[in-house]
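Model, not experiment: these values are computed from the prediction. Naming: A, B, ... by sequence-line order, numbering from 1 per chain. Just so you know, these numbers use all the heavy atoms, side chains as well, and skip hydrogens, waters and symmetry mates.
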There are 4 protein chains.
Amino acid sequence: MNFENHVPIYIQIIDLIKRDIVLGICKPGDKLQSVREYALALKVNPNTVQKAYQEMERMSLAFTKRGIGRFIVEEEAIVLKLKHEMSDEIAHVFIEKMIELGYTSDEILSTVKKMLNGGKK
Amino acid sequence: MNFENHVPIYIQIIDLIKRDIVLGICKPGDKLQSVREYALALKVNPNTVQKAYQEMERMSLAFTKRGIGRFIVEEEAIVLKLKHEMSDEIAHVFIEKMIELGYTSDEILSTVKKMLNGGKK
Amino acid sequence: MNFENHVPIYIQIIDLIKRDIVLGICKPGDKLQSVREYALALKVNPNTVQKAYQEMERMSLAFTKRGIGRFIVEEEAIVLKLKHEMSDEIAHVFIEKMIELGYTSDEILSTVKKMLNGGKK
Amino acid sequence: MNFENHVPIYIQIIDLIKRDIVLGICKPGDKLQSVREYALALKVNPNTVQKAYQEMERMSLAFTKRGIGRFIVEEEAIVLKLKHEMSDEIAHVFIEKMIELGYTSDEILSTVKKMLNGGKK
DNA sequence: GTGGTCTAGACCACA
DNA sequence: GTGGTCTAGACCACG
């Protein structure tokens with residue numbers, strides 16, 4: 001967790017899990033760590049994890065079995081859906097901002113190419 | 001101004017002005033609108049514009065002539081510098097996030113291409 | 001059983017049995033299924049059935065014969081009593097809430113009529 | 001606020017406000033009391049009011065102007081929509097339960113009539 | 001054990 | 001002033 005930047009911790013937690021789902025580290029139907037466990041692991045307050053988990057339920061990414069635990073939604077398609085949703089969002093924001101700065105499509109493409117070849121940060 | 005998303009309004013204002021500089025809508029040395037004028041125009045609290053202007057001074061993008069007004073820094077190079085700084089930052093963030101999602105360089109490139117051709121908005 | 005809504009599962013179980021009594025599916029004096037059996041059938045934690053049964057004893061709806069099993073109370077009147085108790089409670093809550101929303105008696109009646117005719121589900 | 005029953009306080013708060021909207025006590029576009037104010041008035045913790053308010057935003061019943069306050073959504077139709085949504089829900093649950101208990105449409109109607117005439121609780 | 005709710009009190013950014 | 005977030009710690013119902 002990054003406590004320095006201004007992205008709320010509970011959002012960072014959600015993104016963490018979303019990434020784990022996309023990367024296959026946890027799979028549809030898997031049980032999430034309990035609120036207390038995960039809070040301990042991340043060294044944050046249980047309420048913060050709770051908030052993240054509840055937000056994930058609202059996004060239909062997880063659901064609760066009362067008294068048993070919380071689980072990732074059991075829909076296999078969620079992985080690809082998440083991946084595309086997230087990458088589309090990211091790419092869209094990127095391109096919008098570049099266009100706003102006056103870049104043409106060609107310039108945008110070559111910027112990306114250069115950076116990808118440049119390799120390290 | 002977008003009051004709904006989570007980007008602070010004063011940041012949105014700074015970005016607005018930066019874009020105007022990059023696009024040549026206002027030039028190095030130009031006088032900025034007064035806090036009150038601009039606040040009125042943007043339908044925003046004057047404190048918010050004030051904060052945006054102060055932040056721009058901190059970033060050496062603007063300076064104050066006491067009793068006269070606030071001006072964009074007079075250095076011509078600022079335009080290109082801004083443009084590159086901003087686009088580099090944007091592209092860098094974009095690529096980092098895509099890699100985090102497990103995309104390869106080729107996939108990133110083709111995603112960008114597709115979006116540029118899709119061309120909506 | 002509905003694991004998604006917020007009605008405790010043990011309450012849902014009680015309601016299930018009460019309905020069966022009212023509808024004559026099981027009769028005063030009948031033996032209830034064993035905790036384990038019923039838990040298996042409902043795909044529920046045995047503790048939960050246990051709690052439901054205990055609660056029913058507390059409400060004088062059931063009683064235990066040690067070593068033999070649990071039984072529905074033997075009083076025939078229980079059926080009608082249950083039926084009226086439950087419907088009165090339900091109707092009362094309904095009318096109270098409608099009045100709170102500003103509905104008049106006439107409007108309440110016509111709402112009910114409309115719904116009964118609409119008849120879906 | 002009712003601290004005795006098991007309906008979460010934040011839900012009770014939401015219902016309170018919804019009722020006020022339906023009854024015209026507060027109108028679309030009105031400012032809601034600040035979190036702290038309302039918490040003080042209801043003698044609950046500000047976090048509890050906060051939770052209620054945020055839930056209302058999720059239901060598109062309210063929105064935030066940052067640094068200014070929270071407001072009821074500006075859509076006039078919301079009043080009737082809420083009223084019908086709530087009464088439909090209430091009536092639907094009522095009728096479902098009565099049917100489950102084996103009541104016929106006629107019996108349901110006459111039960112309601114009787115209760116409405118019976119008048120007091 | 002699990003999640004759900006609540007309190008008390010704090011800090012922060014924003015307007 | 002406003003809302004947003006977070007911590008610490010508590011109690012409860014549920015399984």
Side-chain angles (χ1 to χ4, degrees), chain A residues 1 3-13 31-39 42-55 57 62-71, chain B residues 1 3 6-13 35 39 42-52 55, chain C residues 1 3 6-13 35 39 42-52 55, chain D residues 1 3-13 31-39 42-55 57 62-71:
Chain A
M1 286 306 97
F3 295 88
E4 259 67 63
N5 77 16
H6 288 172
V7 180
I9 295 177
Y10 77 94
I11 300 279
Q12 296 182 45
I13 295 176
K31 186 172 178 306
L32 291 167
Q33 292 185 64
S34 84
V35 170
R36 289 166 176 82
E37 251 177 28
Y38 206 23
L42 297 175
K43 302 202 187 166
V44 295
N45 187 286
N47 282 338
T48 306
V49 176
Q50 174 75 347
K51 186 162 185 177
Y53 279 1
Q54 283 180 337
E55 188 63 24
E57 295 199 8
F63 65 98
T64 297
K65 283 193 193 166
R66 287 210 306 272
I68 301 180
R70 247 190 211 92
F71 299 79
Chain B
M1 287 307 100
F3 293 86
H6 287 174
V7 181
I9 296 175
Y10 78 95
I11 300 278
Q12 295 182 45
I13 295 175
V35 169
L42 296 175
K43 297 198 189 167
V44 146
N45 187 309
N47 285 340
T48 310
V49 176
Q50 175 71 3
K51 179 151 189 181
E55 186 64 18
Chain C
M1 288 306 102
F3 292 86
H6 288 172
V7 180
I9 294 175
Y10 79 94
I11 299 279
Q12 295 182 45
I13 295 176
V35 169
L42 296 176
K43 297 198 188 168
V44 146
N45 188 308
N47 285 339
T48 310
V49 176
Q50 175 72 1
K51 179 153 189 180
E55 187 64 18
Chain D
M1 286 306 98
F3 294 87
E4 259 67 64
N5 76 16
H6 288 172
V7 180
I9 296 178
Y10 77 93
I11 299 279
Q12 297 182 43
I13 294 177
K31 186 173 178 305
L32 291 166
Q33 291 184 66
S34 85
V35 170
R36 289 164 177 82
E37 252 177 28
Y38 207 22
L42 297 175
K43 301 202 187 166
V44 296
N45 186 287
N47 282 338
T48 308
V49 177
Q50 174 76 347
K51 186 163 185 177
Y53 278 1
Q54 283 179 337
E55 189 62 25
E57 295 199 8
F63 65 98
T64 297
K65 283 192 194 168
R66 287 211 305 273
I68 301 180
R70 246 191 212 92
F71 299 80

Taking the side chain as C-beta and beyond, is there a heavy-atom pair between [X] and [Y] under 4.5 Å?
X        : Y        : answer
Val49(A) : Pro46(A) : no
Phe63(A) : Arg70(A) : no
Tyr38(A) : Ile13(A) : yes
Gln33(A) : Tyr53(A) : yes

Separation of [N] [atom2] from [X] [atom1] (nearest whole Å):
X        : N       : atom1 : atom2 : result
Glu55(A) : dC6(F)  : CD    : P     : 12 Å
Gln50(A) : dT7(F)  : CD    : P     : 14 Å
Met1(D)  : dT7(E)  : CE    : P     : 11 Å
Phe63(D) : dT2(F)  : CZ    : P     : 17 Å
Gln12(C) : dA13(F) : CD    : P     : 17 Å
Tyr53(D) : dT2(F)  : OH    : C1'   : 12 Å

Checklist line | Polar pair under 3.5 Å, donor/acceptor by atom type, side chain Arg36(A), base dG1(E) | finding: no
Check: Can you tell me how far CG of Asn47(D) sits from CG of Asn47(A), rounded to the nearest 0.5 angstrom?
Finding: 9.0 Å
Note to self: For the CD atom of Gln12(D) and the CG atom of Leu42(D), what is their distance to the nearest 0.5 Å?
What the structure shows: 10.0 Å
Next item on the list: Examine dG4(E): is either OP1 or OP2 under 4.0 Å from a nitrogen or oxygen in the side chain of Thr64(A)? Give yes or no.
Entry: yes
Check: Touch check for Gln54(A), heavy atoms < 4.0 angstrom, all strands: base, sugar-phosphate only, or nothing?
Finding: sugar-phosphate
Which atoms of nucleotides 13-15 of chain E (N or O only) lie under 3.5 Å from a protein N or O atom, and what are those distances?
from	atom 1	to	atom 2	distance (Å)
dC14(E)	OP2	Tyr10(B)	OH	3.2

Next item on the list: Quick one: list whatever passes side-chain hydrogen bond (donor to acceptor under 3.5 Å, both in side chains) with Glu37(D), sequence neighbours left out.
Entry: none
Notebook entry, point to check: Just by modelled atom types, is the Tyr10(B) backbone N or O under 3.5 Å from a matching donor or acceptor in the Glu55(B) side chain?
Noted result: no
Item checked: Exam field: side chain Gln50(A) to backbone Val35(A), donor-acceptor pair closer than 3.5 Å -> no
Next item on the list: Stems involving DNA chain E: give each as a range paired with a range, ordered by first number, where a stem means at least three consecutive Watson-Crick or G-U wobble pairs under 3.5 Å.
Entry: E:1-14 with F:1-14
